[in-house]
Amino acid sequence: MTDLLQRILPTVQKPARYTGGEYNQVIKDPADVRVNVAFCFPDTYEIGMSNVGMRILYGVMNQMEGVWCQRVFAPWGDMEQAMREHNLPLWALESRKPVKDFDMIAFTIGYEMCYTNILNMLSLAGVPLHASERKGLKNMVFAGGVCAFNPEPLADFIDFFSLGEGEDITEEILRLYDRAKAEEWTKDAFLLEVSKIQGVYVPSFYEHEYNADGTLERVTVTHGAPESVTKRIIEDLDNAYYPTKMIVPSTEIVHDRANLEVFRGCIRGCRFCQAGFSCRPVRKKSAKVLYRQAKETMENSGHNEVTLSSLSTSDYRELRELTDDMIPYCHDNNISLSVPSLRADNFSRELMERLQTVRKSGLTFAPEAGTQRLRDVINKSLTEEEILTTCTNAFAGGWNNVKLYFMLGLPTETDEDVLGIAELVYKVIQTWKENAVNKKRGLRVHVATAFFVPKPHTPFQWEKQITQEEYLRRCKLLKSHFYSKSIEYDYHESDLSHLEAVMARGDRRLCPVIEEAAKLGARLDGWDEYFRYDLWQEAFRKCGVDTAFYTTRGYGEDEHLAWDSIDVGVTKDFLLRERHRAYEEKVTPDCRHGCAGCGANKLLQEVECDA
């Protein structure tokens, strides 16, 4: 394999994607390893190596005695072609051992449009696609990540899902597998025992039956599995594992910097945001721990940029204390400090000026909607005054670039709301004219709109998605009202977001569709170079599936949902209340103004919610 690979590498783009050998990778003596795990990221190296969750779990597994976790990424098209032409099976980077020789094959799934990549990687590895075809303990396929909160579109292919945060549950799963392998259990015996671990969902233990109209009639639970599988969380982040000795990539990646995770969860409750609900409750790290982890990470990696990451970093209560420590350290060591996920309602001039001492870059905010009425519908606690005040502070401080993100197709949206985006953008431009201190550089306002996708475990999980034609009409309406040369406008293509909505709220009847699409050549669907909507249309046609059932139909409030067997902590009753409040245009205050009763606190046993 090594000789063949050496001949192929010079013929493909970015050969460093496939070689391994990076600084800080983990190498173990095979003689000391009892459980080999192929940790697969169903996208390219530069995407996967930017994923903080993958870095965390790589370290967690490799800390375990007798376990060796090795990385596997989806190949780019040129490498896949070469692999198939030369019958070269998919391999892990650390040892170049074929994936088919591993005990366990783990996938982390953060985006619905990587589903065909999962099947393609199994195919390239020579591993049977269907869980029912893999008979023994070898090649046990399991998966986690945010998309696992609706596991049903992949139910035919994955042996079991690990739900929620993986630091603890992954160790429990691997210890059980180690025992099962030593005692020579059958696969059925292992699945029965692993289903008893909180947070593990075994699809084959849940039988789905459908009504004549296609809706889900009932789910029958077998083998003593729980009626509802509750996700796992880490309560104490200060003492949880976090990798400060991360692998240093051998080639450029998307986020080529050190990342500090300041807290998990979100206090805000934006009604469209899956992460905002599925990642609750809020738990934070202390500024002292973060500063220590930052220094260790920079010293171990040589990075010259560090990012404070979370769903809403400016909501971190100890941000001032942390930046007081970080900014002098970064300045003395020529390190850039970036704080993304800022909110216009708590972005202060003081914070801006302190960050400016390290690096001045463009500002990015997400008003999401152009009118206050629609922002109230989606529970985006942000006013026009706050947005313009933030821009005033930024322009007066020397900023000249602003990015504004919106969504089109939100529930109750009208043309007035669409045109409200244009009105808001022009008010931003006027604010720059009145307050900018450096007008010679000019102003650049980047406006981007996305196609609203209803997601499971949110108050909008029942909503209709507007048609692709209507979405494009609204994009054109908005674009026709942008006259200033200072505005750059981009909008997401409708085909991809339509398909994302199908997968997000899909059920087991999509398994044959995904398999057929992969056979037809669908892969790397998240990349413009490879996404082919016509292949998916053909797959839906062959399998007799109407995409409108999952998109423009909408879902009834009394309807059984495919993902109802999964408990993310937030109750369905709360989501329904929030949906009703949306249609009443009522705002639910964030968690710091009082508990709204979402139910996520039930997941905490030893610490309080940090909201």
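All heavy atoms count here, side chains included; hydrogens, waters and symmetry mates do not. In this text the structure is predicted, and so the values were computed from the model without any measurement.
- Scanning all heavy atoms of the two residues, the minimum distance from Ile378 to Ala369 falls at CD1-CB, 4.3 Å.
- Between Ile47 and Trp527, some side-chain heavy-atom pair lies under the 4.5 Å cut-off.
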*Take Ile173 and Ser162 through the test side chain to side chain contact (heavy atoms under 4.5 Å, CB included) and record every step on the way to the result.*
CA-CA 9 Å; Ile173 290 169; Ser162 171; 4.1 Å; yes

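- A salt bridge links Arg579 and Glu463; the closest N-O separation between the charged side-chain nitrogens and carboxylate oxygens is under 4.0 Å.
- Residue Lys586 places its NZ atom among 12 or fewer non-hydrogen atoms of other residues, nucleotides or ligands, all under 6.0 Å distant.
- Asn51 places a side-chain N or O within donor-acceptor distance of the main-chain N or O of Gly53, the cut-off being under 3.5 Å.
- The SG atom of Cys598 sits 9.5 Å away from atom CZ of Arg577, with the distance rounded to the nearest 0.5 Å.
- Electrostatic pairing of Glu296 and Arg292 counts as a salt bridge here, judged by a charged N lying under 4.0 Å from a carboxylate O.
- Contact check on Lys231 versus Asp567 returns no salt bridge, with no Lys/Arg side-chain nitrogen under 4.0 Å from an Asp/Glu carboxylate oxygen.
- With Ser309 contributing its side chain and Leu260 its backbone, the two residues share a donor-acceptor pair below 3.5 Å.
- At least one donor-acceptor pair under 3.5 Å links the side chain of Asn300 to the backbone N or O of Thr244.
- The pair Arg271-Glu578 meets the salt-bridge criterion, since a charged nitrogen lies less than 4.0 angstrom from a carboxylate oxygen.
- Side-chain contact between Tyr58 and Gln25: present, with at least one pair of heavy atoms (C-beta onward) separated by less than 4.5 Å.
- Using modelled atom types, one side-chain atom of Arg55 and one backbone atom of Met49 make a donor-acceptor pair closer than 3.5 Å.
- Between Phe452 and Phe460, the ring planes lie perpendicular to each other; the angle is over 60°, past the 30° to 60° tilted range.
- With hydrogens and angles ignored, the 3.5 Å screen pairs no side-chain donor or acceptor of Arg280 with any backbone N or O of Gly569.
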*asked:* For Asn601 and Cys595: C-alpha separation, side-chain torsions, deciding distance, then whether side chain to side chain contact (heavy atoms under 4.5 Å, CB included) applies.
replied: CA-CA 10 Å; Asn601 279 344; Cys595 180; 4.2 Å; yes

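- A cation-pi geometry, defined here as NZ or CZ lying under 6.0 Å from the six-membered ring centre and within 45° of its normal, holds between Lys285 and Tyr242.
- Salt-bridge check for Glu22 with Arg71: passed, with a basic side-chain N closer than 4.0 Å to an acidic carboxylate O.
- A salt bridge between Glu167 and Arg264 is present, with a side-chain N of the basic residue lying under 4.0 Å from a carboxylate O of the acidic one.
- Within 6.0 Å of CD on Glu252 lie no more than 12 heavy atoms contributed by other residues, nucleotides or ligands.
- A heavy-atom distance below 4.5 Å is not found between the side chains of Thr170 and Met64.
- Judged by distance alone, the side chain of Ser310 and the main-chain N or O of Val262 form no donor-acceptor pair under 3.5 Å.
- The pair Lys28-Glu94 does not meet the salt-bridge criterion, since no charged nitrogen lies less than 4.0 angstrom from a carboxylate oxygen.
- Under the 4.5 Å side-chain criterion, counting only non-hydrogen atoms from C-beta, Cys40 is not in contact with Phe73.
- Under the 4.5 Å side-chain criterion, counting only non-hydrogen atoms from C-beta, Leu424 is in contact with Glu384.
- The residues Arg375 and Glu368 are annotated as not salt-bridged, no charged nitrogen and carboxylate oxygen being separated by less than 4.0 angstrom.
- The ring of Phe39 has its center no closer than 6.0 angstrom to the ring center of Phe41.
- Looking at heavy atoms from C-beta onward, Tyr316 lies out of side-chain contact with Glu321 at the 4.5 angstrom threshold.
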_Applying salt bridge (Lys or Arg N to Asp or Glu O under 4.0 Å) to Arg268 and Asp315, what does each step give before you reach the verdict?_
CA-CA 9 Å; Arg268 296 290 175 166; Asp315 284 328; 2.6 Å; yes

*Candidate pair Thr392 and Thr389, rule side chain to side chain donor-acceptor pair (under 3.5 Å), full reasoning*: CA-CA 5 Å; Thr392 297; Thr389 298; 5.8 Å; no

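- Scanning both residues, Ala287 and Leu322, for their nearest heavy atoms gives O-CD1, 3.8 Å.
- Side-chain contact between Val200 and Leu163: absent, with no pair of heavy atoms (C-beta onward) separated by less than 4.5 Å.
- The main-chain N or O of Trp68 is never found under 3.5 Å from a side-chain atom of Asn62 such that the two would form a donor-acceptor pair.
- Within a 6.0 Å radius of OH in Tyr23, no more than 12 heavy atoms belonging to other residues, nucleotides or ligands are found.
- No hydrogens or angles considered: a donor-acceptor pair under 3.5 Å links the side chains of Tyr489 and Thr449.
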*Step by step, would you call Thr588 with Asn379 a side chain to side chain donor-acceptor pair (under 3.5 Å)?*
CA-CA 7 Å; Thr588 299; Asn379 208 45; 4.5 Å; no

*Under the side chain to side chain contact (heavy atoms under 4.5 Å, CB included) criterion, do Leu603 and Glu235 qualify, and how do the steps go?*
CA-CA 9 Å; Leu603 301 174; Glu235 295 191 31; over 6 Å; no

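- Judged by distance alone, the side chain of Glu500 and the main-chain N or O of Leu496 form no donor-acceptor pair under 3.5 Å.
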*Show the numbers, then the answer: is there a side chain to side chain contact (heavy atoms under 4.5 Å, CB included) between Gln461 and Trp563?*
CA-CA 11 Å; Gln461 65 181 357; Trp563 52 93; 2.8 Å; yes

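- Glu171 pairs by the salt bridge (Lys or Arg N to Asp or Glu O under 4.0 Å) definition with Arg175, not counting sequence neighbours.
- The shortest non-hydrogen separation linking Val377 to Ala582 is O-CB, 3.2 Å.
- For the pair Asn150 (side chain) and Ala148 (backbone), a donor-acceptor distance under 3.5 Å is absent.
- The two residues Val447 and Phe482 make their nearest non-hydrogen contact at CG1-CZ, 4.1 Å.
- Tyr405 and His446 have tilted rings, their planes meeting at an angle from 30° to 60° on a 0 to 90° scale.
- The minimum heavy-atom distance linking Asn117 with Asp43 is given by the pair ND2-CA, 4.2 Å.
- Atom CD of Glu385 sits in a sparse spot, with 12 or fewer heavy atoms from other residues, nucleotides or ligands closer than 6.0 Å.
- A distance of 11.0 Å separates CD1 of Ile253 from NZ of Lys14, quoted to the nearest 0.5 Å.
- Shown here is Lys433, whose NZ atom has no more than 12 heavy atoms of other residues, nucleotides or ligands within 6.0 Å.
- Under a cut-off of 6.0 angstrom, the local environment of CG in Asp528 is sparse, with at most 12 non-hydrogen atoms contributed by other residues, nucleotides or ligands.
- For the pair His492 (side chain) and Ser497 (backbone), a donor-acceptor distance under 3.5 Å is absent.
- Aromatic ring pairs are classed by plane angle as parallel below 30°, tilted from 30° to 60° and perpendicular above 60°; the pair Phe277 and Phe574 is tilted.
- Counting heavy atoms from C-beta outward, Leu404 and Pro367 have side chains that approach closer than 4.5 Å.
- The number of heavy atoms from other shown groups lying within 6.0 Å of NZ (Lys245) does not exceed 12.
- In summary, Lys455 and Glu112 engage in a salt bridge, as defined by a charged side-chain N under 4.0 Å from a carboxylate O.
- The shortest heavy-atom contact between Ala504 and Pro456 is O-CG, 3.0 Å.
- The cationic atom of Arg283 (NZ for Lys, CZ for Arg) does not lie both less than 6.0 Å from the six-membered ring centre of Phe263 and within 45° of the ring axis.
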